[in-house]
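One structure is given here, and the rest of the page talks about it.
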Amino acid sequence: MKIENKITEAVMAIVEELYGQPVPEKMVQLQQTRPEFEGQITLVVFPFTKMSHKAPEQTAAEIGQQLVQKLPEVVAKFNAVKGFLNLCICSQQWVALLEEIHQNPRFGFTPVTEDSPLVMIEYSSPNTNKPLHLGHVRNNLLGWALAQVMEANGNRVVKTNIVNDRGIHICKSMLAWLKWGNGETPESSGKKGDHLIGDYYVAFDKHYREEVKALTEQLVLSGLPAEEAEERAKQEAPLIKEAHAMLVKWEQNDPEVRALWRKMNEWVYAGFDETYRALGVSFDKIYYESETYLEGKEKVEEGLQKGFFYRRDDGSVWADLTGEGLDEKLLLRSDGTSVYMTQDIGTAKLRFQDFPIDKMIYVVGNEQNYHFQVLSILLDKLGFKWGKDLVHFSYGMVELPNGKMKSREGTVVDADDLIATMVADARQMSADKVNRLEGITEEEAQEIARIVGLGALKYFILKVDARKNMLFNPAESIDFNGNTGPFIQYTYARIRSILRKWEKEQGARGKEQGARSEDCSTLADREISLIQKLQSFEATVKQAGQDYNPSCIANYCYDLASEYNRFYHDFSVLREEDEQKRTFRIALSETVGQVIKNGMGLLGIEVPERM
RNA sequence: GGUCUGGUAGCUCAGUCGGAUUAGAGCAACAGCCUUCUAAGCUGUGGGUCAUGGGUUCGAGUCCCAUCCGGAUCACCA
């Protein structure tokens, strides 16, 4: 039984006994004692003053006395400051707690069973016409971390990706490749497939803009107002018309267009796979829009028959959501083709056929908040049981110091470049610390650099609250000091180093057990607060699962590492002469390392054995 | 304009269920600490009207209302 629970139970009994009123459990508020006061756990007594009809301080004192009497093995002594009752907990309790955590390598995790709820998480969702950029990186990292967190909270998780592999943007790349590509392939050019295709997408855009510009001038000369001229030029430029023609051919299953489309998409997928592998993310099931985009129509027809939707005179189908405080939403165009919303309904249908989903989480940027509000209502109306409380895990945009990322203006941070830069910087960083690299092969050093560089990137992104927009300053982000991933990794590596030395020592004189509860009556404040910190990992994981918020785990890892660093500087663990204390502190260190590893693991961040 | 969302130190960010006379980290600046288990570290100094005004109460950065500023969204685009 946890220390908190014992105290809560006792307080409930005591208050009822003293003041004659039953107390709901929620009223018993326990918190960590502020460092400037003596004690470790504090009871907030304000809520009880109404029952006691006494001053807060006196009420606190009365409860404190009873606690010491009734729980002598837990509460050693107390002091009351205003309405706060600070309790000094017996060291044995802390030692026992540490031992419990130490014994449980999965501390804080809820086991997953056959009957656990099935949660599907959709993330990444790239377009196949250009490589992944920083915005996708945030999406992928959040999606992956969220999946880990949900699993840690006892859910079965299916990670899924919907690939937007069809549409006008793909045709643009295809067209440009046909026109100017001379048969270039990833092999012949040495480029990653997604970058190759992205280059043609850019080429298309460049030529297209030139055409638009020339055509606009022409139209202006013939007497059209400038704005109107540009509008028309955009629609009538030969290139865009060709692209549209290609899209029509694609939809008609033209063998040549389809073959080219398939070939180029394969190149892109190979490129994406490489980036995904570098980021350490993966999927259990991938859906392609080309396979799902027609499915939604059927569901919309069904909704139409049931009277949820209505058809206008021009044949288009709409949902009237004014009753829900929203607008009317188009579901099928007048020509019968589907729109974005229809496709999402179709994808939902397929997913539900494939999996008995209990909860669906979409990791998609906050610019689509409205879309998912509507989708939730529509899916609910159409009878998807998870539709009503689907979760749109909505994250903010990544901004750059000079504004937003815009592919046209070349202010995009490419994912592959970014990863390579971070790893190279980490390599440079550790090369500066020559003594560390002793006895390490070049290969091992490279692997450490990969772990540290990626750790820096991942932590930098995951530590900020997902729903907020965040600023990515390329110069400052490559910082390995302070509140960063490498700081936490460093703490871990140092703990491992201590343990390696200790194990060597133990090997010489025979194995010995870790934490001992006897004779540790005088724990230092630092040790106790470390144990308290360790204990709160459980609550943090739970909270992250409830709020769908990986960032609190990131901040927890930093807090824990900081706390350990102070401990590390206060005590010489290996040189401690008192045998009891030393084994205790070794066990404490080992447990901190274990929790750091688990916490970082939830974020998809690896920790190195040495660095 | 409607809806949603954010505003905390020069900069980037934390801040749990509303809790403690003094609101925390990191970066940047300044000052200390490597004969001691990994200095990617530790300790200290300076830096704040928690956007503004009201309200709720024993108590508000946190909850409510209004205002100001920023962002997103409101397509027969995806």
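Chain naming here is simple, since letters A, B, ... match the order of the sequence lines and numbering starts at 1 in each. Note that these values count all heavy atoms, side chains included, but never hydrogens, waters or copies made by symmetry.
Rounding to whole angstrom units, OH of residue A/Tyr564 and P of B/C37 are separated by 13 Å. For the pair A/Asn481 CG and B/U43 P, the interatomic distance rounds to 15 Å; values are reported in whole Å. Atom P of nucleotide B/G19 and atom CG of A/Leu85 are separated by 18 Å, given to the nearest angstrom. At whole-Å resolution of the value, CE in A/Met429 and P in B/U38 are 18 Å apart. Computed from coordinates, the A/Met397 CE to B/U5 P distance equals 17 Å when rounded to whole Å.
Comparing B/U52 with B/U38, their P atoms are spaced 49 Å from each other, to the whole Å.
With respect to A/Asp465 and A/Arg467, a salt bridge is recorded, a charged nitrogen being found less than 4.0 Å from a carboxylate O. Using a 4.0 Å cut-off between charged side-chain N and carboxylate O, A/Glu503 and A/Arg500 make no salt bridge. The pair A/Arg566-A/Asp570 fails the salt-bridge criterion, with no side-chain N (NZ, NE, NH1 or NH2) lying under 4.0 Å from an Asp/Glu carboxylate O.
Here the side chain of A/Arg138 pairs a donor or acceptor atom with the backbone of A/Ala466 at under 3.5 angstrom.
If you find the closest nucleotide of RNA chain B to A/Gln373 and to A/His569, the one lying nearer the 5' end belongs to A/Gln373.
With its glycosidic angle within 90° of 0, B/C34 is assigned syn.
Partners of A/Phe571 by ring pair (Phe, Tyr, Trp, His ring centres under 6.0 Å), not counting sequence neighbours, listed by chain and number: A/Phe567.
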Discussion item. So if I define the base as every atom that isn't primed, P, OP1 or OP2, how would nucleotides 7-12 of chain B read as a B/S/- string at a heavy-atom cutoff under 4.0 Å?
Written reply: S----S
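Looking at RNA chain B, the stems built from 3 or more consecutive Watson-Crick or G-U wobble pairs, each pair with its key distances under 3.5 Å, are B:1-7 with B:68-74, B:10-13 with B:24-27, B:29-33 with B:41-45, B:51-55 with B:63-67.
A donor and an acceptor atom never sit less than 3.5 Å apart when one is taken from the side chain of A/Ser562 and the other from the base of B/A25.
For the pair A/Tyr568 and B/A39, the criterion of a side-chain N or O lying under 4.0 Å from OP1 or OP2 is met.
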